[in-house]
Amino acid sequence: MFKNNRTILHLKVKESIASVVPITVIVFVLCFTVIPVPTELLMTFVFGVVMLIIGMGMFTLGADLSMTPAGGHVGSAVTKSRKLWFIVLMCFLVGAMVTISEPDLQVLAEQVPNIPNAVIVLSVAGGVGLFLIIAILRILFKWKLSYLLIFFYAAVFVLAQFIPKEFLAVAFDSGGVTTGPMTVPFIMALGVGIASIRSDSNAENDSFGLVALCSVGPILAVMLLGMLFNAGSGTYTPMEIPSVETSKDLWRLFFSEIPEYIIEVTEALLPIIVFFGLFQIFNLKLKKENIYRISVGFAYTFIGLVLFLCGANVGFMTVGNYIGRQLGSLEYNWIVIPIGMIIGYFIVEAEPAVHVLNKQVYEMTSGSIQPKALSRSLSVGVAFSIGLSMLRIVTGIPIMYFLIPGYLIAIVLSFFVPPIFTAIAFDSGGVASGPMTATFLLPMSIGVCTASGGDVVSNAFGVVAMVAMTPLITIQILGLVYKLKIRRHQADVVEEKIVIDNEIFEMEGNDEQL
């Protein structure tokens with residue numbers, strides 16, 4: 001087993017290298033041309049890249065071994081009980097626990113002005129738990145996803161008219177941030193497990209869409225808090241460049257942060273492990289081999305997430321903010337728009353949950369939706385979103401001028417594409433806006449906004465929301481292309497059949513004449 005895991009880990013690390021190298025090359029090009037970066041900051045970035053690559057490889061392997069099968073087993077067992085109250089209770093607990101365990105939720109909580117962190121965390125967790133119930137009931141009762149999305153996003157945009165502007169960007173950011181590396185694998189697997197009890201042909205397609213609905217809960221939760229609490233004014237303290245004079249200082253910088261992320265990831269994983277352990281004792285009763293495999297997977301997930309978060313937060317956050325400040329202070333600061341688009345195109349490949357989604361989509365569609373096509377559609381969407389975000393920062397255009405038309409286009413497209421593409425598209429929105437967005441693109445946006453004299457709370461925040469929006473459009477366009485190709489193929493098959501039938505008819509006629 002360990003030999004097999006080492007082989008798979010080797011492949012996962014190779015995938016991580018392919019994902020992280022493009023964004024690393026872009027940062028190097030910027031550092032050696034447009035933006036001169038202090039040597040100590042560049043070395044911090046390089047060390048962070050190494051940790052990121054190893055951490056992502058271990059995390060994706062751990063998710064395959066632990067989070068995905070654990071979620072699948074829990075989902076299948078919950079629905080087999082056939083007790084609706086039990087399904088509802090378990091779904092709420094799972095949704096709330098995996099959300100509390102999401103590392104980026106603490107980052108979000110610290111960004112919301114004048115509301116205690118615990119209030120934010122519990123409210124957002126409750127929102128995800130409630131919407132996970134709705135998502136599961138949709139699978140069981142075969143509710144149409146597009147109708148639910150229309151209803152809830154209409155409620156979101158109506159409510160947006162009554163909350164302080166300081167909460168708007170952060171509220172929409174929360175929908176993307178809370179569906180990250182911990183939440184996505186478990187919730188997606190939970191959907192597959194619950195859909196497995198249905199025997200109809202649409203069951204597998206309906207297993208997607210859980211992340212999409214769970215992304216709405218945090219938005220509504222933060223908006224409601226915005227109506228109850230006084231927003232006040234958000235302040236921003238510029239990040240300091242780390243003091244690194246020697247290689248020992250570099251090691252101390254990262255080593256001193258590792259205990260903090262060990263505690264953070266322990267707090268994240270422990271509720272899920274305890275919940276799964278209790279479920280195993282009282283309900284699942286899986287064989288020892290399965291439990292051993294899942295336990296090893298949790299260990300890989302733990303180590304991988306510690307390394308990933310440390311590399312991303314220590315190595316990427318400061319360099320992202322510094323580059324943003326330098327670009328924003330240029331006379332031709334419009335250059336951040338094309339640079340942001342290039343960074344956005346490649347950075348989505350470094351999101352851990354994207355790999356989980358690609359694998360799940362490939363398996364559930366029996367290979368008909370290729371990971372490369374999905375990844376490119378995501379990359380194009382994120383590129384546009386970062387370009388629009390930078391345009392918004394430079395010009396000061398309100399975020400709602402982008403979000404309302406964007407979601408309206410996405411909803412309209414949902415009536416013209418196969419339902420599975422709508423579900424995957426809205427899932428992708430939450431998946432694409434993960435730790436890399438929070439630790440590189442958001443600090444970069446803050447840096448640009450600070451240097452250009454903009455309002456950080458209103459203009460810089462919202463980049464996560466933009467990243468979560470544009471894949472809804474690009475992936476549904478992919479679905480539209482896929483649908484047209486299928487129709488064309490079917491037309492070719494019919495035409496070929498007509499030609500063959502005519503040839504057979506002519507041959508039979510000739511035989512009769514003879």
Side-chain angles (χ1 to χ4, degrees), residues 5-6 9 12-13 16-17 19-20 23-24 27 38-63 65-67 98 100-110 117 121 177 180-183 185 237 239-274 295-322 350-353 355 434-440 442-443:
N5 286 346
R6 282 198 299 271
L9 179 60
K12 296 289 186 184
V13 170
S16 301
I17 292 172
S19 300
V20 177
I23 185 63
T24 306
V27 171
T39 305
E40 58 265 31
L41 188 58
L42 187 61
M43 289 306 300
T44 303
F45 173 75
V46 171
F47 202 88
V49 166
V50 175
M51 294 185 74
L52 205 72
I53 290 171
I54 297 172
M56 188 190 298
M58 296 188 74
F59 171 81
T60 50
L61 173 59
L65 293 176
S66 60
M67 301 294 284
V98 295
I100 291 172
S101 71
E102 191 61 59
D104 289 342
L105 181 55
Q106 296 296 333
V107 178
L108 169 75
E110 292 173 2
N117 287 13
V121 170
V177 168
M182 294 299 297
T183 310
T237 304
M239 294 181 184
E240 295 182 3
I241 297 175
S243 177
V244 179
E245 295 181 0
T246 66
S247 56
K248 281 188 176 181
D249 292 335
L250 181 65
W251 168 248
R252 283 194 207 100
L253 176 66
F254 282 87
F255 186 75
S256 63
E257 296 291 332
I258 286 179
E260 178 184 341
Y261 292 108
I262 288 176
I263 294 171
E264 188 174 311
V265 176
T266 301
E267 292 174 348
L269 272 177
L270 195 60
I272 297 174
I273 293 173
V274 170
S295 300
V296 170
F298 276 125
Y300 276 115
T301 302
F302 177 84
I303 298 171
L305 206 52
V306 168
L307 294 176
F308 179 90
L309 291 175
C310 187
N313 284 284
V314 180
F316 272 67
M317 188 177 286
T318 49
V319 76
N321 182 264
Y322 184 86
E351 292 288 2
H355 296 275
M436 288 302 295
T437 303
T439 56
F440 188 87
L442 183 55

With ring-ring contact (aromatic ring centres under 6.0 Å, His included) as the test, pick out the partner of Phe45 among Phe440, Tyr322, Phe316. Phe316

What distance do Thr301 atom OG1 and Leu65 atom CG have between them, rounded to the nearest 0.5 Å? 7.5 Å

Can you find a pair of side-chain heavy atoms, one from Ile17 and one from Val13, that are under 4.5 Å apart? yes

Just verifying a value: how many Å separate Asn313 CG and Met51 CE, rounded to the nearest 0.5 Å? 10.5 Å

Rounded to the nearest 0.5 Å, what separation is found between the CG atom of Leu52 and the OG1 atom of Thr24? 8.0 Å

Minimum-distance pair of heavy atoms, taken over all atoms of Met58 and Gly304: CB-CA, 3.7 Å

Value rounded to 0.5 Å, distance of CZ in Arg252 from OG1 in Thr246: 6.0 Å

May I ask you to test the Thr44-Leu250 pair for a side-chain heavy-atom distance under 4.5 Å? yes

Tell me whether the rings of Trp251 and Phe47 are parallel (<30°), tilted (30 to 60°) or perpendicular (>60°). perpendicular

What are the two closest non-hydrogen atoms of Val306 and Tyr261, and how far apart are they? CG2-O, 3.9 Å

Taking the side chain as C-beta and beyond, is there a heavy-atom pair between Leu305 and Glu264 under 4.5 Å? no

Gap separating the NZ atom of Lys12 from the CG atom of Leu61, nearest 0.5 angstrom: 7.0 Å

Mind checking whether Tyr300 and Phe59 have ring centres under 6.0 Å apart? no

So CG of Leu307 and CD1 of Ile258: to nearest 0.5 Å the spacing works out to 6.5 Å

Ignoring hydrogens, what is the shortest heavy-atom contact between Ile262 and Thr266? Give both atom names and the distance. O-OG1, 2.6 Å

